[in-house]
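Here the structure comes first, spelled out in structure tokens, and everything after it is commentary.
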Amino acid sequence: MTSRRAQLLAELTEVVVLSAIIAVVNEVGWYGGHSTPVLLALTAPLLLANTTAVQLWLAGGVLRQRVALRMFLHMVVCFGVAAFVTGWGPVMMGGLIVVASLHMRWSGARVWRLAVAYSCVTAGLGALAIDRGLVADYFGSPESYVLCGLILLVVVLVIRSYGTILEQQEETQRELVGSRAAARRSERWFRALVKNTSDVITVVDSAGLFTYVSEAAEQRLGHRPTDLLGGPADEIVDPIDREAFAVFLDGMMEPSSGDHRAELRLWHADGTPRWHELTAYNLLDDPEIMGVVLNCRDVHERRAYHDLLAFDASHDALTGLANRVQLNRALDEALLLRAATMAAAGDEGMPTVAVLLIDLDGFKPVNDTYGHECGDALLVTVARLLERNVLGVDTVARIGGDEFVVVLGGITRESDAIAVAERVLRALRTPMRLPHAEVQVGASIGIALADDEAGAVEMIRRADHAMYRAKREGRNRWSSYAAECGPGAADGAGRLSGDEAEIAAAALERDLRVALATGRGLSVVYQPIVLLDDRSLWGFEALMRWAHPARGPVSPTEFVPIAERTGIIHELGRWVLDHACRQVAEWQRSLPDDQQFSVSVNLSARDLDQPRVVDIVLETIATAGLDAEHLVLEVTESALVDPDLAIPALSRLSEAGIRIAIDDFGTGYSSLQYLTQMPVDILKLDRSFVSKLDGTPQHAAIAEAVVRLSQTLHLGTVAEGVETEEQAAELAALGYRKGQGYLFSRPLSADDVASKLLTIGSRW
């Protein structure tokens, strides 16, 4: 504001001084002899109009775009009026052109064209005015016009040259101002970008020292830029990655190296390493940079998520142990290392590889009794126990359910693997404290050692076979594939050499699981139980049959033990119970009330271990629509060995109206002492005693003792395996009321039973 006032004051002073000069010259007689007040009245407005302030006002504040207006003010008004009114036309015209050019120096080189045009017009008007006598001609000689023309030419050339110079200077100044403004904008943009970016930007010189560190270093890494400047670049690199960083940086120092990328860990100020993606640009030849620009982007979360996905893909979600995929990978690597070591040094005393397949004994009762939360806690506890009892270089995996696998690498003999197995068994004998209980489980362990023929899959299969051998021989022990068993087997388990029986048993188990899952090949047959006196139908025993797709019918004596050993027996028992109850309920709905009968279904000893066995049975008969009084559950004497489990479950079933029968009675020894405590309704005499009946007292002793015991305890009896009329007659004479066997009928399919019920009714 102050500079504007000073400029305006200077221009007003200039107008006053010029007016005074014009007045003095006019009074002396050098200007034309006009009246001074009139002359000042004409020239003062013109001089004011020639000032920058007035011209800015007339031009709307932008003079550069109003060249024509300024030329009109100077050339037409000033020259046409002021010059020729004074009578000093041609000479005064030249002088005013010079004055106008000084005021119009900003206009550039093109001003001369307008000056020439307007000057010629003004000169013509002046000559016309003199010729008509409108004004006096003080230079009447022709030479004055030549002089005027020469002056005009010189002035035009001066204006043109001066305008060109000014135009070039203005263009240069304009470019300089523009470049400076662009530089300032670029610098502000760069600083704002670097300041607000999440990446840490640094410059490292050829000596490996920081010459620039962006402010993001403090925000992202906790290091103040001033603390890092001048220090070595690897100071913030994790020591584990410093060698890789040095190689990375050396590669960037080479000419024309382009941009390189690497993922390294950088130290945060709090002492924790974080993964960063480093992008480097070689600008050593750039005089403004003279270094390698490192852009450090934090990828810790992305790397952690990637590592988590990789971990989840190769590890068990519950225990954190390796899964089957990682197990096979680790076992393959161990076998390749063994092969390479043997190839390099021979096989004498060289490290070998062993696989321990560990299956928990007693896990399902814990899971069923205390719930899945407790079962999961048990699996996690066992996983940590296994990790503590192997070396850090060994692999521990969970391959499903309660099965674990340990890969031992670097052992030199089988005794090393046996020592680990025994250590695991000893550790499992210690009770484990879980969230809601303290439990104790055992394990059956199969051991397989590597040889030149076995791959990863084969070794696991061999260990699996050995594990089943350990279960069959009493559980809570180890068994070795193709090796002598030591103290781990209480009764001295012998050599298991991959015999066909083990392979067939494992294959049969797999096929049985498939049959149970699909229902193909499984069926229920029904063998009648009749009254011995009149051969009327009392009920049926439901029996499972399995038609193998390749082998044909498989005997229950072959697949039931496998089902019991592997735990499939629970699913099989439920399947038979459901089918039998539905089928018998359907038959009964088509028979009169006086012809109703019962169905007997076997309940295994392992079924009684399940805490929900009672609920499952009651739900099944309710869904099938069968009255509880028409169901008989047959349990073997082995189920009575543990009364703490058997008595509560059987009591609840009995209270619901279901009758309980002891199957194959007389073949066991431990159940007699609990017989009076059990809610038993029926004793079934084993077929082995029925087959010996020949009319002699000694062969009838057991059968007679059983019937007398039942009479004393007010229990019913059923004789199994009745095949001849003589056996039926002798049993009736001994006091047996019901019998079952081929004499009356073989086990029948559901369709055959329905047909007989329609044709012969209740007489069998």
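Model, not experiment: these values are computed from the prediction.
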(request) Compare all side-chain heavy atoms of L508 with those of W546 and state whether any distance is below 4.5 angstrom. (result) yes
(message) Could you check whether any side-chain N or O of Y736 sits under 3.5 Å from a backbone N or O of L685, counting only pairs where one atom can act as donor and the other as acceptor?
(response) no
(request) Output yes when D533 and K738 qualify as a salt bridge under the 4.0 Å nitrogen-oxygen rule, no when they do not. (result) no
(request) Report the C-alpha separation of N389 and R426 in whole Å, then their side-chain angles, then the decisive distance to 0.1 Å, and conclude whether the side chain to side chain contact (heavy atoms under 4.5 Å, CB included) test is met. (result) CA-CA 10 Å; N389 284 276; R426 285 195 301 271; over 6 Å; no
(request) Return yes if some donor-acceptor pair links the side-chain N/O of D627 with the main-chain N/O of H630 below 3.5 Å, else return no. (result) no
(message) A side-chain contact here means heavy atoms from C-beta on lying under 4.5 Å apart; do F404 and L356 qualify?
(response) no
(request) Please tell me if the side chains of L631 and V617 come closer than 4.5 Å, counting only heavy atoms from C-beta onward. (result) yes
(message) Please check: side-chain N/O of S710 versus main-chain N/O of V707, any donor-acceptor pairing under 3.5 Å?
(response) yes
(message) Just so I know, are the side chains of I529 and S600 near enough to count as touching, which here means a heavy-atom distance under 4.5 Å?
(response) yes
(request) Classify the side-chain pair S749/D751 by whether it contains a donor and acceptor separated by less than 3.5 Å. (result) no
(request) Side-chain contact test, heavy atoms from C-beta onward, threshold under 4.5 Å: evaluate it for L331 versus V355 and give yes or no. (result) yes
(message) Checking E541 against N602: is there a side-chain donor and acceptor pair closer than 3.5 Å?
(response) yes
(message) Are more than 12 heavy atoms, taken from residues, nucleotides or ligands other than F597, located less than 6.0 Å from that residue's CZ atom?
(response) yes
(message) Tell me whether Q527 contacts the main-chain N or O of S745 through its side chain, where contact means a donor paired with an acceptor under 3.5 Å.
(response) yes
(request) Look at atom CD of E373 and say whether more than 12 heavy atoms of other residues, nucleotides or ligands are closer to it than 6.0 Å. (result) no
(request) Can you measure from CG (L357) to CH2 (W478) and round to the nearest 0.5 angstrom? (result) 15.5 Å
(message) Are W587 and Y526, when compared by the centres of their aromatic rings, separated by less than 6.0 Å?
(response) yes
(message) How close do G362 and V441 get, counting heavy atoms only, and between which atoms?
(response) O-CG1, 3.9 Å
(request) Report the residue from T395, L327, V396 that forms a side-chain contact (heavy atoms from CB on, under 4.5 Å) with V406. (result) V396
(request) Taking all heavy atoms of A550 and all of H548, pick out the closest pair and write down the distance. (result) N-ND1, 3.0 Å
(message) Is it true that R737 and T717 share a donor-acceptor pair across their side chains at a distance under 3.5 Å?
(response) no
(message) I need the E629 CD to Q596 CD distance, nearest 0.5 Å.
(response) 9.0 Å
(message) Using side-chain hydrogen bond (donor to acceptor under 3.5 Å, both in side chains), reason through R574 and T620 one step at a time and then give a plain yes or no.
(response) CA-CA 8 Å; R574 188 181 303 181; T620 302; over 6 Å; no
(request) Starting at CD1 of I621, measure out to CD of E619 and round the result to the nearest 0.5 Å. (result) 10.5 Å
(request) Calculate, to the nearest 0.5 Å, the distance between atoms CD1 and CG belonging to I399 and N328 respectively. (result) 9.0 Å
(message) Atom NZ of residue position K364 - does it have more than 12 heavy atoms of other residues, nucleotides or ligands inside 6.0 Å?
(response) yes
(message) Show, in sequence, the C-alpha distance, side-chain angles and deciding distance for I660 and I682, and conclude whether the side chain to side chain contact (heavy atoms under 4.5 Å, CB included) test is met.
(response) CA-CA 6 Å; I660 308 299; I682 302 168; over 6 Å; no
(request) Taking all non-hydrogen atoms of both residues into account, name the closest pair between S444 and M467 and its distance. (result) O-CG, 3.3 Å
(request) Identify the residue among R461, R462, R469 that makes a side-chain hydrogen bond (donor to acceptor under 3.5 Å, both in side chains) with H465. (result) R461
(request) For the pair D511 and F559, evaluate side chain to side chain contact (heavy atoms under 4.5 Å, CB included) and give the outcome as yes or no after the intermediate values. (result) CA-CA 10 Å; D511 295 340; F559 70 79; over 6 Å; no
(message) Looking at R398 and D316, is any side-chain nitrogen of the basic one under 4.0 Å from a carboxylate oxygen of the acidic one?
(response) yes
(request) Would you confirm whether N323, through its side chain, and V325, through its main-chain N or O, come within 3.5 Å as a donor-acceptor pair? (result) yes
(message) Please check: side-chain N/O of R384 versus main-chain N/O of T319, any donor-acceptor pairing under 3.5 Å?
(response) yes
(request) Kindly indicate whether the side chain of S654, heavy atoms from C-beta on, has any atom under 4.5 Å from the side chain of L650. (result) no
(message) Would L731 and L532 count as a side chain to side chain contact (heavy atoms under 4.5 Å, CB included) here? Give the steps.
(response) CA-CA 8 Å; L731 288 169; L532 293 177; 4.0 Å; yes
(message) Within this structure, what is the CG-CG distance for the pair L321 and L386, rounded to the nearest 0.5 Å?
(response) 7.5 Å
(request) Measure from the side-chain N and O atoms of T381 to the backbone N and O of A377, and report whether any donor-acceptor pair falls under 3.5 Å. (result) yes
(request) Specify the closest pair of heavy atoms between R589 and A624, including all atoms of both residues, with the distance to one decimal. (result) NH1-O, 4.1 Å
(message) Please determine whether a side-chain nitrogen of the Lys or Arg among R513 and E509 lies less than 4.0 Å from a carboxylate oxygen of the Asp or Glu.
(response) yes
(request) Answer yes or no: is there a side-chain heavy-atom contact under 4.5 Å between V576 and V601? (result) yes
(message) Any side-chain to backbone donor/acceptor pair from E730 onto G695? Under 3.5 Å, distance only.
(response) yes
(request) Mark yes or no for whether D686, through its side chain, and F689, through its backbone, hold a donor-acceptor pair below 3.5 Å. (result) no
(message) Taking the side chain as everything from C-beta on, heavy atoms only, tell me whether Q583 gets closer than 4.5 Å to V524.
(response) no
(request) Output the distance between atom CG (L743) and atom CD (Q727), rounded to the nearest 0.5 Å. (result) 8.0 Å
(message) Quick test of your reading of the model: are K471 and D361 salt-bridged, counting only N-O distances below 4.0 Å?
(response) yes
(request) For G739 and V722, work out which heavy atoms get closest and say how close. (result) CA-CG2, 4.5 Å
(message) Regarding D578 and R582, does a basic nitrogen lie under 4.0 Å from an acidic carboxylate oxygen?
(response) yes
(request) Measure from the side-chain N and O atoms of E558 to the backbone N and O of V554, and report whether any donor-acceptor pair falls under 3.5 Å. (result) no
(message) Quick check: closest heavy atoms across P556 and M544, and the distance to 0.1 Å?
(response) CG-O, 3.9 Å
(request) Inspect the contact between E634 and K684 and indicate whether a charged nitrogen and a carboxylate oxygen are less than 4.0 angstrom apart. (result) yes
